[in-house]
Asker: 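Pasting a structure below so you can have a look.
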Amino acid sequence: MKPFSSAPLFFLFAATAGPAFAAQAATDIYWIDMEGGAATLIVTPARESILIDSGEHKPLHAHRTSHVRNRIKGLKHIDYFVISHWHADHYGGTYELTKRLPIKRYYANTPPPDRVDDDQQFTPLIALYRKPNAGRTVELNEGATIPLKQAPGAPPVALRVLASSRDLMAAAPGATKNALCGTPVSTPALDDGENAKSLALLFEYGSFRFFDAGDLTWHIEERLACPINRIGSVDLYQVTHHGLDRSNNPHLVHAIQPRVAVVNNGPQKGSEPNSMRTVLGSPGIKAVWQFYRSTNVGCAKCAEEPHCESGGRSRRPIHQVVHSCGWIFFNSNRR
Ligand SMILES: [Zn+2]
């Protein structure tokens, strides 16, 4: 893989159909390296911004998001900040971020809770979270849609909530049975804490579909995919839970058939063997990208795969170009 410039981000570009797509309204998606946390920035054709998660409570993480913002013309604030769940690597960076980048609206899987037992950093971080917004957070329930501005002449955009706090959106009329559900799989130990409450989000731009489920765990994935596949197929999959093996149930991953997957892993977190095997073995997968070639066995395996690329270290961004009607381009140009 060619070396990249020093900006710590992934970049993805989704454009409208036709050979002149570059001149048309576009959706941009950026994965910002949170060293094993999450921060995914979507900029819609109407130039509204959606930030899903904010990394950890580290000035470096807020700086990286701010750095990406500086490269996006006209982006002065975040229109919609969406917290997938209340773990430090997903919302902990909010306070530092708001010092650099105003946030207009806050959304999350639940209102700010009083306690999260499986996160030792919760008490100090939730106090910081409340500072810029007094805890004002819109709860997103399953089936909700965040109203996004539509750009004239561009395909419609939508951000829908398929699952929230272990509750699932009803299956769409005509949704079919998932034939993979009978396939034996090696089920990991139950993780039914805050991770299981993660939002499962579907972003759509025309026929382009991007699935981001935060750290959703195996048994909720099973319910989303079996016996009915409530998601359908997607173009792009943010590999759930940084590629940890408590998530990425093949009944779901293989049913949604992503063509491109992005792993927001860390140097020593995520990209675990079973998850990577599942993603790399998914029918129709064309490319898998991850921030780090970490020390985990799964990453070493990934690096050997011809259709899997790793940034190797966080300073090497990966730039992907995606056509909303089904073409996917990979572009390692420096930005
Ligand atoms: Zn996480």
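Numbering of ligands and ligand atoms starts at 1, following listing order. Quick note: residue numbers are just sequence positions, from 1.
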Asker: Suppose we only count N/O/S atoms under 2.8 Å; would Asp89 qualify as near the Zn ion (ligand 1)?
Answerer: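 Given the 2.8 Å cut-off, Asp89 counts as a ligand of the Zn ion (ligand 1).
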Asker: Output yes if His242 passes the N/O/S-under-2.8 Å test against the Zn ion (ligand 1); output no otherwise.
Answerer: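 A backbone or side-chain N, O or S atom of His242 is under 2.8 Å from the Zn ion (ligand 1).
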Asker: To the closest 0.5 Å, what do you measure between CG (Leu140) and CG (Asn109)?
Answerer: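 Taking CG in Leu140 and CG in Asn109, the distance rounds to 8.5 Å.
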Asker: Do the side chains of Asp235 and Arg209 get close enough for a salt bridge, i.e. N-O under 4.0 angstrom?
Answerer: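 A salt bridge is absent here (no side-chain N lies under 4.0 Å from a carboxylate O).
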Asker: Does the separation of the ring centres of Tyr91 and Trp86 fall below 6.0 angstrom?
Answerer: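 Ring centres of Trp86 and Tyr91 closer than 6.0 Å.
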Asker: May I ask you to check if any N/O/S atom from His90 comes under 2.8 Å of the Zn ion (ligand 1)?
Answerer: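 Of the N, O and S atoms in His90, at least one lies under 2.8 Å from the Zn ion (ligand 1), which means yes.
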Asker: Restricting to N, O or S, what is the name of the atom of Asp215 that lies nearest the Zn ion (ligand 1)?
Answerer: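 Going by distance to the Zn ion (ligand 1), the closest N, O or S atom in Asp215 is OD2.
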Asker: Is there a salt bridge (Lys or Arg N to Asp or Glu O under 4.0 Å) between Lys58 and Glu35 once you walk through the steps?
Answerer: CA-CA 11 Å; Lys58 293 180 179 177; Glu35 304 173 299; 3.4 Å; yes
